[in-house]
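For reference, the structure discussed in these notes is given below.
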Amino acid sequence: MIRTENLTKLYTMNGKTVTALDHVTLRVQKGEYAAIVGPSGSGKSTLMHLLGCLDTPTSGSYRLHGRDVSTLGKDELAQVRGQEIGFVFQGFQLLPRLTAAENVALPLLLCGIPPKERAAAARALLEQVGLGERLHHTPNQLSGGQQQRVAIARALARNPAVLLADEPTGNLDAQATADVLHLLDELHRAGRTILLITHDSVVAQRAERQITIAAGRIIGDSAKDIPVFSKFSPKIITK
């Protein structure tokens with residue numbers, strides 16, 4: 001489903017070119033639950049932005065369902081994001097004036113689904129994440145864990161090929177973290193493809209596969225038994 005070859009991203013900062021992602025080659029199969037784990041500055045957020053079609057690589061290729069999306073323009077990338085990828089973020093990103101049901105239905109509204117169908121789909125998704133009795137609650141009437149479950153329901157609204165969860169437990173307490181991870185486990189068992197981005201190795205262990213990234217490189221992959229090296233430093237090229 002996901003296939004990258006030598007995916008590289010360079011940024012220019014203060015006259016210097018910094019390699020944020022360094023020739024990353026990765027395969028993720030349909031139905032797989034993989035965690036990409038690494039400390040702050042390791043390149044995992046850059047990789048998430050590229051895999052989520054939120055940014056384009058400097059070089060290398062990225063194929064999603066066999067389609068090379070690494071060369072697409074902004075409008076085409078937006079179309080891929082809307083149809084193929086469901087996003088869950090650390091900060092929930094719910095609209096505060098909308099109810100839980102309205103937040104979940106928003107992606108369906110944007111693609112022209114009729115009101116009755118949107119409402120029915122939102123109800124079913126909120127029931128799936130255990131919030132069937134919170135349809136008409138606004139985000140400020142929900143706990144952090146409940147808000148994240150609403151965000152997961154919204155991410156599933158268009159039945160995306162991939163669920164991309166970026167630090168989904170970063171703002172949650174221990175019980176809410178357990179609830180969200182249990183929900184991701186259930187989605188995986190149902191056949192959903194999940195990529196979990198995290199700095200927490202304990203959270204990463206919930207996935208069936210752990211991919212470790214440091215200094216923009218994959219340095220460990222439990223699926224391939226790649227050894228994890230301890231000494232890496234980012235490449236800085238002075239122009």
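Predicted model, so just to flag it, every value in this text is computed and none were measured. Only heavy atoms go into these numbers, but all of them, side chains included; no hydrogens, no water, no symmetry mates.
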*Does any pair with a residue in residues 27-36 pass salt bridge (Lys or Arg N to Asp or Glu O under 4.0 Å), and if so which ones, sequence neighbours excluded?*
Glu5-Arg27, Glu32-Arg209
*Where Val69 and Cys53 come nearest, the two heavy atoms and their spacing*: CG2-SG, 3.9 Å
*Should Leu64 and Leu77 be counted in the same cluster of Ile, Leu, Val, Met, Phe, Trp and Tyr side chains packed under 4.5 Å apart?*
yes
_Applying side chain to side chain contact (heavy atoms under 4.5 Å, CB included), can you list everything that pairs with Gln79, at least two apart in sequence or on another chain?_
Gln83
*asked:* Using only atom types and a distance under 3.5 Å, with no angle test, would you say the side chain of Gln148 pairs donor to acceptor with the backbone of Pro168?
replied: yes
_Looking at every non-hydrogen atom in both residues, tell me the closest pair between Leu51 and Ile85 and how far apart they are._
O-CD1, 3.6 Å
*Does anything in residues 120-154 pair up under ring pair (Phe, Tyr, Trp, His ring centres under 6.0 Å), and if so which pairs, sequence neighbours excluded?*
none
*Going by the salt bridge (Lys or Arg N to Asp or Glu O under 4.0 Å) test, which pairs reach into residues 39-63, not counting sequence neighbours?*
Lys9-Asp55
_Test of understanding: clusters of I, L, V, M, F, W, Y form through side-chain heavy atoms closer than 4.5 Å, transitively. Do Val80 and Val28 belong to the same one?_
yes
*Is there a donor-acceptor contact under 3.5 Å from the side chain of Thr58 to the main chain of Leu10?*
yes
_Using modelled atom types and a 3.5 Å cut-off, is there a donor and acceptor pairing between side-chain atoms of Asp22 and backbone atoms of Arg217?_
no
*Pairs touching residues 95-123 that satisfy salt bridge (Lys or Arg N to Asp or Glu O under 4.0 Å), sequence neighbours left out*: none
*Residue list, side-chain hydrogen bond (donor to acceptor under 3.5 Å, both in side chains) with Ser70, at least two apart or on another chain*: Asp68
*Has the side chain of Gln210 got a donor or acceptor atom that lies under 3.5 Å from a matching backbone atom of Ala35?*
no
*Return yes if some donor-acceptor pair links the side-chain N/O of Thr4 with the main-chain N/O of Tyr62 below 3.5 Å, else return no.*
no
*What residues, two or more places apart in sequence or in another chain, satisfy side-chain hydrogen bond (donor to acceptor under 3.5 Å, both in side chains) together with Arg206?*
Asp185
*Minimum heavy-atom separation for Leu26 to Ile211, with atom names?*
CD1-CD1, 3.6 Å
*Residue pairs, two or more places apart or on separate chains, that pass ring pair (Phe, Tyr, Trp, His ring centres under 6.0 Å) and touch residues 138-188*: Tyr33-His188
*Thr193 side-chain N/O to Gly191 backbone N/O, donor-acceptor pair under 3.5 Å*: no
*Shortest non-hydrogen separation from Ala121 to Leu108 and the atoms involved*: CB-CD1, 3.7 Å
*Counterpart residues, side-chain hydrogen bond (donor to acceptor under 3.5 Å, both in side chains), relative to Asp75 (two or more places apart)*: none
_Test item: side-chain donor near acceptor, Thr138 and Asn140, under 3.5 Å_ = yes
*Mind checking what makes side-chain hydrogen bond (donor to acceptor under 3.5 Å, both in side chains) contact with Gln175, not counting sequence neighbours?*
Asp179
*Indicate the atoms forming the closest heavy-atom contact of Leu142 with Ala100, along with that distance.*
CD1-CB, 4.5 Å
Can you list, pair by pair, the side-chain donor-acceptor contacts under 3.5 Å of residues 149-164, counting residues two or more places apart and other chains?
{"from": "Arg149", "atom 1": "NH1", "to": "Val129", "atom 2": "O", "distance (Å)": "3.0"}
{"from": "Arg154", "atom 1": "NH1", "to": "Gln93", "atom 2": "O", "distance (Å)": "2.7"}
{"from": "Arg154", "atom 1": "NH2", "to": "Phe92", "atom 2": "O", "distance (Å)": "2.9"}
{"from": "Arg154", "atom 1": "NH2", "to": "Gln93", "atom 2": "O", "distance (Å)": "3.4"}
{"from": "Arg158", "atom 1": "NH1", "to": "Gly82", "atom 2": "O", "distance (Å)": "3.4"}
{"from": "Asn159", "atom 1": "OD1", "to": "Arg192", "atom 2": "NH1", "distance (Å)": "3.1"}
{"from": "Asn159", "atom 1": "OD1", "to": "Arg192", "atom 2": "NH2", "distance (Å)": "3.4"}

*What is the minimum heavy-atom distance between Gly145 and Val180, and which atoms define it?*
O-CG2, 4.4 Å
_Run the ring pair (Phe, Tyr, Trp, His ring centres under 6.0 Å) test against Phe89 and tell me which residues pass, sequence neighbours left out._
Phe87
